[in-house]
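Below is one structure, written out as structure tokens; comments come after it.
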Amino acid sequence: MKQEIDSISWLCSQVSGGRRILFKKYLLKMADSIIDLFLTLIIGLLIEAIFYRNNLKLFIIESIVYIVLFLLKCIVGKIILVTVNQLQENILLGLRKLMFEKTMKANANDLNELNSGEFLQMFGQDVEDIFTCFNDALEKITVSVFQIFIIFMIVAYYSFALAVVILCLSLVTVKLTSFSGKKFQEYRSVFRKKQGEYIDWINEHLKGMRDIRINQSQLMMADIFENKTVQNLKDKEKIRFIEIRSERIVGFITAIFTVIFWTVSALMIFNGILTVGIFYVTNKYFSNLISNLSTIGQEKINIRNYMPGFEKIRDILGLKEEEGANKRNKSIDGNQCAELKFNGVTFGYGKKKVIRDLNMAFKPGKMYVIVGANGEGKTTLMNLILRFYDVDGTITFNGEAIGQYPLKWWRKHIGFLQQHNIIFEGSLRDNILLYAPDKSETEIWDILKMAGMYDTVKEWEEGIDTNLLCGARLSEGQKQRIAIARILARDPDIILMDEPTAAVDEEIEKLIISDIKEMYKNKILIIITHRIAVAKQADIVMVMKEGNICNYGKHEALVKESSDYRSLFGL
């Protein structure tokens with residue numbers, strides 16, 4: 001249990017004000033539990049006052065105390081509700097915000113190890129579980145232990161022998177319930193991983209639904225989905241069975257110990273050691289005690305169930321930030337676009353080398369196209385320019401290693417256009433302002449004109465305030481034009497494009513490439529492509545093979561001189 005408490009304490013410390021609010025709530029719940037115990041005790045004393053002492057005055061005083069305590073309990077309960085709302089906002093919002101910020105700054109290598117299903121589960125159910133643990137499970141254990149202590153003290157005041165019986169029962173119950181929960185935690189951890197893989201599979205296939213329909217694979221995918229869903233349900237049933245078994249073990253222990261307590265109490269009453277009023281109190285306390293012991297056992301199981309998610313979130317919050325993410329290194333004026341050079345650059349994923357001793361230069365005013373077979377290092381090359389990874393050798397800009405520039409400044413001066421660009425939720429204006437928050441409406445329209453979207457947007461009823469619905473109603477060509485507009489809004493010095501025309505036809509491709517050359521004629525423009533039409537329009541085509549440039553030049557020259565180039569396009 002120490003490991004679980006350490007993890008919980010660490011996570012709580014990551015949220016601003018988390019420990020303070022949690023401590024406040026636990027104190028309030030303890031106060032509430034003490035009031036409950038004294039309300040029970042007063043009822044027992046009222047019985048004593050009526051049947052044994054025949055004291056009306058004492059009865060009235062105890063009745064008034066009961067009413068005051070009850071009103072106090074109502075006030076404490078109201079404060080607890082307010083505190084729960086504060087805790088909910090603090091934990092749910094705070095943790096999700098921290099996780100989101102951490103993933104925005106995390107090293108790319110670390111993020112590659114997570115699948116999207118597991119990631120979504122962490123942001124959703126796992127954070128909810130943490131809140132349940134703080135607000136419910138851990139609180140119940142803390143308050144239950146506190147109540148057991150108070151019960152023991154009160155019962156010991158009236159009968160030390162009965163208190164010893166209660167203490168012994170407590171120790172045995174905790175031991176047995178703890179043992180029953182260990183196996184459940186193991187199954188829960190395995191199930192959680194399978195659940196993440198199941199969600200990831202669904203997510204990926206929903207993205208590829210268009211291709212599935214085009215290839216008439218619906219029936220095959222439906223069968224696979226059915227099999228995976230059936231297996232997922234079987235895993236859930238197994239987890240539920242183990243959970244029910246654990247609950248029944250706790251219930252069986254409770255039944256046995258209840259009979260033992262009643263037997264001891266009956267013997268004490270027969271011998272005149274206990275009165276009816278005190279028996280009422282101790283019986284209520286014992287029921288409370290058994291409930292608390294069951295709660296401790298069950299909540300320990302619940303906390304163990306939450307631990308796999310806890311550890312995953314802890315791993316996310318412990319991710320190393322990208323090198324230079326918080327540096328305040330020197331920057332340059334940036335008004336003049338400088339040369340970008342690779343000097344003996346080598347890089348690999350683990351032991352596998354993808355880029356090998358690469359030496360090349362990119363100058364402003366030229367359109368560079370990089371071609372090559374899959375796996376030759378083209379996309380990795382762009383990731384290195386974007387500084388997602390560290391390299392052996394140096395990459396320089398304006399004569400300075402790019403690692404010397406602040407990361408935020410560096411990426412601000414790079415525009416990146418992908419094959420499948422994300423159109424974010426909101427309007428066209430929102431999508432452009434996300435990249436350049438200071439742009440006016442007039443400037444947005446000028447940007448759309450340069451991107452070739454002006455006439456199209458003018459026809460929209462709401463113009464730049466039209467909701468794009470995450471791109472659902474846009475053609476692939478329109479999506480690319482909007483992505484280009486977002487890059488134009490930032491006016492970067494270096495433009496990287498990874499298969500920018502793969503999803504459009506040849507006619508639109510020709511227009512897009514022609515416009516891109518004109519718009520970025522004074523910038524460094526680097527395009528990765530498998531399309532020969534794009535290569536034909538390049539100033540310099542570079543052929544990548546085994547992590548290096550094996551040939552470069554104009555399209556016409558490469559057709560004559562490079563067998564690797566000809567084989568790429570089947571010439």
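Note that this is a predicted model, so its numbers are computed, not measured.
Contact check for Ile395 versus Asn343: no side-chain heavy atoms found under the 4.5 Å cut-off.
Judged purely by distance below 3.5 Å, without hydrogens or angles, the side chains of Thr229 and Asn232 never pair a donor atom with an acceptor atom. Side-chain N/O atoms of His555 and Tyr565 include a donor and acceptor closer than 3.5 Å. Of the N and O atoms on the side chains of Gln231 and Asn227, not one donor lies less than 3.5 Å from an acceptor on the other residue. Between Ser562 and Asn551, the side chains place a donor N or O and an acceptor N or O closer than 3.5 Å (distance only, hydrogens not considered).
Glu441 and Arg429 are joined by a salt bridge, as a carboxylate oxygen and a charged side-chain nitrogen come within less than 4.0 angstrom of each other.
A pairwise comparison of heavy atoms in Asp539 and Met367 identifies OD2-N, 2.6 Å as the closest pair. Ile528 and Lys378 get closest at one heavy-atom pair: CD1-O, 3.1 Å. Summarising the geometry of Ile540 relative to Lys366, their closest heavy-atom pair is CD1-CD, 4.0 Å, with the distance given to 0.1 Å.
Below 30°, between 30° and 60°, or above 60°: for Phe362 and Tyr368 the angle between ring planes is above 60°, a perpendicular geometry. Between Phe347 and Tyr389, the ring planes lie tilted relative to each other; the angle falls in the 30° to 60° range.
Looking only at distances, a side-chain donor or acceptor of Glu443 sits under 3.5 Å from a matching main-chain atom of Ser440. Using modelled atom types, no side-chain atom of Arg486 and backbone atom of Asn431 make a donor-acceptor pair closer than 3.5 Å. Judged purely by atom type and a 3.5 angstrom limit, His530 uses its side chain to pair as donor or acceptor with the backbone of Gly372.
Both cation-pi conditions hold for Arg411 and Phe388: the charged atom is under 6.0 angstrom from the six-membered ring centre and inside a 45 degree cone around its axis.
The 12-atom threshold is exceeded at NZ of Lys439, counting heavy atoms of other residues, nucleotides or ligands nearer than 6.0 Å.
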